[in-house]
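Written out below as structure tokens is the structure these notes cover.
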Amino acid sequence: GWRSGYFALAALVLASTPLVILLKEGPLLSAAPSARGAGGRVLNQPAFWLLALASAAMVGASTGLAVHIVPMFSEYGFSLERAAALAGLMGLVIIAGRLVTGFLLDHLQPLLVAAGLSLLGAAGYLSVIVFGEAGAPVLALANGLLLGAEYDVMSFLAARYFGLRLYGRVFGLLTSVTALAA
């Protein structure tokens with residue numbers, strides 16, 4: 001049923017939170033290739049796979065909802081006009097999400113920003129389960145923010161952990177992984 005679907009999407013986004021937290025500085029990242037070394041062996045790095053799994057979870061869940069939001073909401077009793085309005089709201093929040101995320105990444109600890117966005121996304125999915133129709137705007141807002149943030153966070157962290165020399169390779173691989181997830 002639809003409640004199980006929203007719960008699964010919330011769990012998927014929520015799964016990215018511990019993966020992002022594992023990206024903290026420490027022994028796990030000590031072997032990450034830098035701009036000066038490691039020969040660019042990106043796929044051998046735990047940091048790459050943690051970032052890939054977290055990104056895939058966020059993108060898979062948020063895109064999965066975005067492309068189906070109007071039919072889903074109309075199937076559960078929303079008028080087509082209301083469902084389309086919520087999709088439009090989500091679209092506007094995507095734009096705002098990009099701007100807000102960029103600001104937050106510049107001023108706060110990036111891993112906390114990523115974890116916070118994951119938690120917010122999960123809360124959006126759960127709001128529909130808990131509050132029914134009244135939670136739909138919360139879901140549209142949270143999913144829009146997540147859609148606006150996911151690639152910004154992914155590209156920021158790719159540059160941070162792998163440097164500019166490997167950025168093109170890492171971001172290309174991450175984009176491929178997230179495209180499969182979507």
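Quick caveat, the model's predicted, so the values are computed rather than measured.
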Exercise for the section: I would like to know whether Y161 and V170 meet side chain to side chain contact (heavy atoms under 4.5 Å, CB included); could you show each step before the answer? Expected result: CA-CA 10 Å; Y161 289 110; V170 171; over 6 Å; no

Problem - Step-by-step side chain to side chain contact (heavy atoms under 4.5 Å, CB included) determination, L146 to L120 - result: CA-CA 8 Å; L146 197 58; L120 181 66; over 6 Å; no

Practice task
List the steps, then state whether side chain to side chain contact (heavy atoms under 4.5 Å, CB included) holds for L112 with L104.
Solution key: CA-CA 10 Å; L112 292 178; L104 293 175; over 6 Å; no

Exercise for the section: Under the side chain to side chain contact (heavy atoms under 4.5 Å, CB included) rule, what do M154 and V59 come out as? Steps first, then yes or no, please. Expected result: CA-CA 10 Å; M154 185 174 70; V59 170; 5.7 Å; no

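Residues S127 and G135 share a closest heavy-atom pair of OG-O, 3.1 Å. Taking all atoms of both residues into account, the shortest heavy-atom contact from G124 to A142 is CA-CB, 3.7 Å. Shortest non-hydrogen contact noted between L157 and P110 is CD2-CB, 4.0 Å. Residues V177 and A56 share a closest heavy-atom pair of CG1-CB, 4.0 Å. Summarising the geometry of T101 relative to A149, their closest heavy-atom pair is OG1-CB, 3.1 Å, with the distance given to 0.1 Å. Shown here for L51 and A158, the closest heavy-atom pair between the two residues is CD2-N, 3.8 Å.
At a threshold of 4.5 Å between non-hydrogen side-chain atoms, the residues W49 and L43 count as touching. A heavy-atom distance below 4.5 Å is found between the side chains of E133 and R82. With contacts defined as side-chain heavy-atom distances shorter than 4.5 Å, the pair Y125/L65 qualifies. Proximity of F48 to L166: side-chain heavy atoms (C-beta onward) are nowhere separated by under 4.5 Å.
For the atom pair CG (L99) and CD1 (I94), the distance works out to 12.5 Å, reported to the nearest 0.5 Å. Between the CZ atom of F131 and the CG atom of L126 there is a distance of 10.0 Å, given to the nearest 0.5 Å. For the atom pair L111 CG and L105 CG, the distance stands at 10.0 Å (nearest 0.5 Å). Distance check, rounded to the nearest 0.5 Å: CG of L50 to CD of Q45 gives 11.0 Å. To the nearest 0.5 angstrom, H68 atom NE2 is 10.0 Å from T63 atom OG1. The line from CE of M90 to CG of L145 is 12.0 Å long, rounded to the nearest 0.5 Å.
Hydrophobic clustering of Ile, Leu, Val, Met, Phe, Trp and Tyr side chains at less than 4.5 Å, counting indirect connections, unites L108 with F156. Linking ILVMFWY residues whenever their side-chain heavy atoms come closer than 4.5 Å, directly or via other members, places I69 and L80 in the same cluster. A single hydrophobic cluster is seen to contain both V128 and V70, as judged by linkage of ILVMFWY side chains at heavy-atom distances under 4.5 Å, directly or through other members. Residues F103 and V153 share a single hydrophobic cluster, defined by chaining ILVMFWY side chains whose heavy atoms lie under 4.5 Å apart. In the hydrophobic clustering of ILVMFWY residues, with side-chain heavy atoms under 4.5 Å counting as a link, L86 and V138 come out apart.
A donor-acceptor pair under 3.5 Å is absent between the side-chain atoms of S55 and the main chain of A52, judged by distance alone.
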